[in-house]
> 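Below: one structure in structure tokens.
Sequence lines set the chain letters: A, B, ... in the order given, protein chains first and strands last, and positions in each chain run from 1.
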Amino acid sequence: MASERYNARSVEQKWQQRWDEDNIFQTSTLPDSDKETYYVLEMFPYPSGRIHMGHVRNYAMGDVIARYKRAKGFEVLHPMGWDAFGMPAENAAMQNKTHPKGWTYHNIASMRTQLKSMGLSLDWSREFATCDPDYYAQQQKLFLDFLAADLVYRKNAKVNWDPVDMTVLANEQVIDGRGWRSGAEVEQRELTQWFFKISDFSEDLLDSLDGLDQWPAKVKLMQANWIGKSTGARVRFALTENSKTSASEIEVFTTRPDTMYGAGFMALAAEHPLSLELAQTDSELSAFMDECRKIGTSVAAIETAEKMGFNTGLTVAHPFIEGRVLPVYVANFVLMGYGTGAIFGCAAHDQRDLDFARKYDLDVIPVIADASSPDQAIEVGDTAYLGDGVMVNSGFLDGLAKDDAIEAAINKLQEQSLDNSPQGVGEINYKLRDWGVSRQRYWGCPIPVVHCDDCGVVPEKEENLPIALPEDVTFDTPGNPLDRHPTWRDVPCPSCGKPAKRETDTMDTFVDSSWYFARFTDPKSSTPTNVSAANRWLPVDQYIGGIEHAILHLLYSRFFARAMSITGHMDIQEPFKGLFTQGMVVHETYKSKEGDWLQPSEIDIIDDGSNRSARHSATGDPVVIGGIEKMSKSKRNTVDPDDIISSFGADTARWFVLSDSPPDRDVIWTEAGVEGAHRFVQRIWRLVNSVASRDNQSGNDDADLKLRKAAHKTLARVDEMIPGLRYNSAVAQIYTLVSELEQSAKSQSVSTKVLTDAMGMTIQMIAPMMPHLAEECWTVIGRAGMVSATAWPELDPEMLVESAITLPVQINGKKRGEISVPVDLDKQGVEEAVLSEHFVQSALSGKEPRKVVVVPGRIVNVVI
RNA sequence: GCCCCCUUGGCGAAAUUGGUAUACGCAGCAGACUUAAAAUCUGUAGGUCGAAAGACCGUGCCGGUUCAAGUCCGGCAGGGGGCACCA
């Protein structure tokens, strides 16, 4: 029996079926109150067609914690669903003449089969797709509740417009200013769109980050930067030359009112109302603004574009300096969406302003001096001075440090008056903008409102929900199919009954994923949530997904939790208590000599130890080994999980993605690594069989105790590592224990009872990661029931107690030896023992040590 | 442009969060078993010098704090990610 190789394929199918039949992963919606609950969630997948290794890694990681917590006695909720709306379905529809619905559900079916082959401990009875009318009906209900609670509103916003395809383009569909499909130059258009008032929550979303102590610090930092709180002042500048406009002043927001005396110019965004007004009579300005619009809507594009400006000829008065006027420019780097859409430029102390001033030959006025020579401003060449100092050349601000100067400047602005109101006030600004959710696409959740000529925007009646997507649509004509579907679009006004038109925009797919975690707590509920179930299960104890969602998805979900609390759908403010952001699965890339990307399966690697090269399997041609990159179809460096699972088994795939790299870092997929993981599977199998076939024999007490101690020591470490998702470290501990078990199994000194018990514990520790193998081994060593339904082994603290400890001894900070001392020896005793050591004596050569540092249980350092 | 992260042997990495740097695995090398191969097992392994004992150097680079730095601080370099309509 022991010589037989482990047949992953049949064993895995067998246990998957057993788990299914026994329903052991199904969770009750409202568990008994004495049961401790634990909610594990991995970010649900978009049904693109096939699962990829990133999914395997994500779901394997979540499954370990789910299985572990279940064994620890928790009632575990571990659901799965589909983030099923989105552009790829429409793209497929246009390319392949399929319907988005058919395409999506077909993909879901095949991906479900693939996920099931991984042996995940999921409660499949809770599965849903966001494109199920049952789900989006509830989302429409939420939208109406948000509307009633004044959390939703309409305003104009810019979109990328493709004039040939007659459609709105996502930023990623704009390539070098042109539509990805048509190649036409993209225009900016203003559309009236729906917005969620996330900015009302800026302060709360920022402050509450502090309480998220189980989130990675970097994600919290990214969110804080995204919310972008800055304190400063709103300042009104009076126009001194305004012959071209009816305006009398320009308002700016600045975080540096202390540098006001260094102001050299003023700059307006191209979309600033004053810019727009001036452009009506100034064709040159109008042309300049057209150029600005071509840069695109993304911040990255605007900020990396070359700084350009247009002098409007207007001037404004400096608030503090009698007689000083500043020229007013329209500039392509000023963002309308932040502050007031206008800035004052202080070239000496802001790099962007300095670049602009040098280009247009504007004043550069340094107003900060080094504290050691407070009368001499720091010279500025091509690099702005951003450091600290004291104010100089700044009138009443002279000699003040930055924070004091900011306060003094704001106070003065407050006292000064312009048109009978203060010239400036202190103000807090946030970069966080309201969340635009309107999408001019078919495959999304319809926004449940009707536009009536008489009544305006009218919410749909709740009893009419869901406003279901019509299925008889085609994608052969450009534009949104909902716009040209009269029987769906034209409806009576829910208020007055006159002919009216449905809103044809659908919701951003981020809306779908902003509350699915709450829906999972009772997915059949006739209201968006079953409030008791949501409150019982939420927040999600451990959420796992890619770092790419660190900002938007997580921030939107945090907003939704608040909005759903306000509208009475749950009482939870923070949706995710613990967050883990996993790394990507990456792979080497290969190119043929013709420069075509090649798949890993098309090539052979030749490795003689010193040189590594690759060859095309079919032709024998040399292959260029490229960089290690994220697995992607375009680079053809993907590995299909199905292939791995059918040749090695799900356990091997799971073990590999869990063992090789720390989960938050990228893992490099290698053939050798997978084979190594598979060898370990076979090694466990041989070991278990040799233990099972051993005669019942007694052993010697020392050897028995040593093995028991090893097992419990490993258990203690694994217990510490699994909750922190430090799986690679847990794996290393298990390897060490397995080696020890192999030695014990060979020798006659360990009793069969102790050996079998230690083997059992090892199987239990492996079970969360390789559940099928563990079940099979559990049976082989004669344990009853399923390991998946067995309680986690109890740790025996006595097994961790040691009587002596080995301490490293340093001399002047360098390790020079070791000393073994009783564990409970005090500092004085350790010091004496160390000083009497031979090598310490000879190092001292008769002198007294200057200092002896004893860190109990850790290290001793003798300083000479 | 702005923001964030990462950098430890040939490779993936570990280091109890300031306390023995390189655990564990992969690849390698040597050996055992085998007619042979595969599979498996045993040993070996940061660099330099040395027969050895051992000494010195060593966590991207430069500097600092400390009895002690991979870990903390300042500066620099290289690589990667995000930037609001991809999911």
> Using purine N1 to pyrimidine N3 plus N6-O4 or O6-N4 for Watson-Crick, or N1-O2 and O6-N3 for G-U wobble, each under 3.5 Å, what pairs with B:A37?
none
> Under 4.0 Å between a side-chain N/O of A:N728 and OP1 or OP2 of B:A14, yes or no?
yes
> Distance between the C1' atoms of B:A14 and B:A87, in whole angstroms?
34 Å
> Using a 4.0 Å heavy-atom cut-off across all strands, classify A:E720 as base, sugar-phosphate, or nothing.
nothing
> 5'-most contact on RNA chain B: A:K307 or A:E675, nearest heavy atom basis?
A:K307
> Look at all strands and tell whether A:V168 reaches a base, only sugar-phosphate, or nothing, counting heavy atoms closer than 4.0 Å.
base
> Of A:S739 and A:K815, whose closest RNA chain B nucleotide lies nearer the 5' terminus?
A:K815
> Rounded to whole angstrom, note down the P distance from B:A13 over to B:G60.
14 Å
> Quick one: look up who B:C29 pairs with, Watson-Crick or G-U, both distances under 3.5 Å, and put none if it's unpaired.
B:G43
> Any idea which of B:C57, B:A84, B:C85 is nearest the A:K431 side chain?
B:A84
> Is A:R352 paired with A:E303 through a side-chain N to carboxylate O contact shorter than 4.0 Å?
yes
> Would you say the base of B:C67 and the side-chain of A:N861 have a donor-acceptor pair closer than 3.5 Å?
yes
> Is the A:Y135 to A:W515 ring centre distance short of 6.0 Å?
yes
> Which one, B:A14, B:C5, B:C83, comes nearest to the side chain of A:K218?
B:C5
> Counting just side-chain N and O atoms, does A:T509 come under 4.0 Å of either OP1 or OP2 of B:A87?
yes
> I'd like to know if A:E303 reaches the base of B:C3 with its side chain such that a donor and an acceptor end up less than 3.5 angstrom apart.
no
> If we take the P atom in both B:A69 and B:C57, what is their distance in whole Å?
13 Å
> Base, sugar-phosphate, or nothing for A:T736, non-hydrogen atoms under 4.0 angstrom?
sugar-phosphate
> What contact category does A:A300 fall into here, base, sugar-phosphate, or nothing, at under 4.0 angstrom with non-hydrogen atoms?
base
> Would you say the base of B:U20 and the side-chain of A:R858 have a donor-acceptor pair closer than 3.5 Å?
no
> If you check the A:E742 side chain, which of B:C41, B:C56, B:A84 turns out closest?
B:C41
> The side chain of A:P662 is closest to which nucleotide in this list: B:G1, B:A13, B:U20?
B:A13
> From C-beta outward on A:M87, which listed nucleotide comes closest to its side chain: B:A87, B:A23, B:U20?
B:A87
> How long is the span from the OH atom in A:Y338 to the CG atom in A:L432, to the nearest 0.5 Å?
11.5 Å
> If the threshold is 4.0 Å, N to carboxylate O, is there a salt bridge linking A:R439 and A:D508?
yes
> The side chain of A:S729 lies closest to which of these nucleotides: B:U20, B:G1, B:A14?
B:A14
> Could you check if the base of B:U17 is syn or anti? Syn means the glycosidic torsion is within 90 degrees of 0.
syn
> Which one, B:C4, B:A39, B:A27, comes nearest to the side chain of A:R5?
B:A39
> Under a 3.5 Å cut-off for both contacts, is B:U65 paired Watson-Crick or G-U wobble with anything, and if yes, with which nucleotide?
none
> Between B:C6 and B:U16, how far apart are the P atoms? Round to whole Å, please.
16 Å
> Using the P atom in both, what is the distance from B:A37 to B:U44, to the nearest Å?
24 Å
> Looking only at side-chain atoms of A:R816, point me to the closest of B:A13, B:A55, B:C85.
B:A55
> Are A:F517 and A:F44 close enough that their ring centres sit under 6.0 Å apart?
no
> Are there more than 12 heavy atoms of other residues, nucleotides or ligands under 6.0 Å from atom NZ of A:K713?
no
> Can the ring centroids of A:W215 and A:F580 be said to lie less than 6.0 angstrom from one another?
no
> Can you figure out which of B:A15, B:A87, B:A84 approaches the side chain of A:L432 most closely?
B:A84
> For A:R726 and B:A13, give me the distance from atom CZ to atom C1', rounded to whole Å.
13 Å
> Which part of the nucleic acid, if any, lies within reach of A:R352 when heavy atoms closer than 4.0 Å are counted: base, sugar-phosphate only, or nothing?
nothing
> When all nucleic acid strands are considered with a 4.0 Å heavy-atom cut-off, which category describes A:V159: base, sugar-phosphate, or nothing?
base
> With rounding to the closest Å, how many angstrom separate the P atoms on B:G64 and B:G54?
32 Å
> Of all the nucleotides listed (B:A87, B:C83, B:A55), which has the minimum atom distance to the side chain of A:F510?
B:A87
> Per the atom types in the model, does the base of B:C6 pair as donor or acceptor with the side chain of A:R665 at under 3.5 Å?
no
> Taking the six-membered ring for Trp, are the ring centroids of A:F356 and A:F333 within less than 6.0 Å of each other?
yes
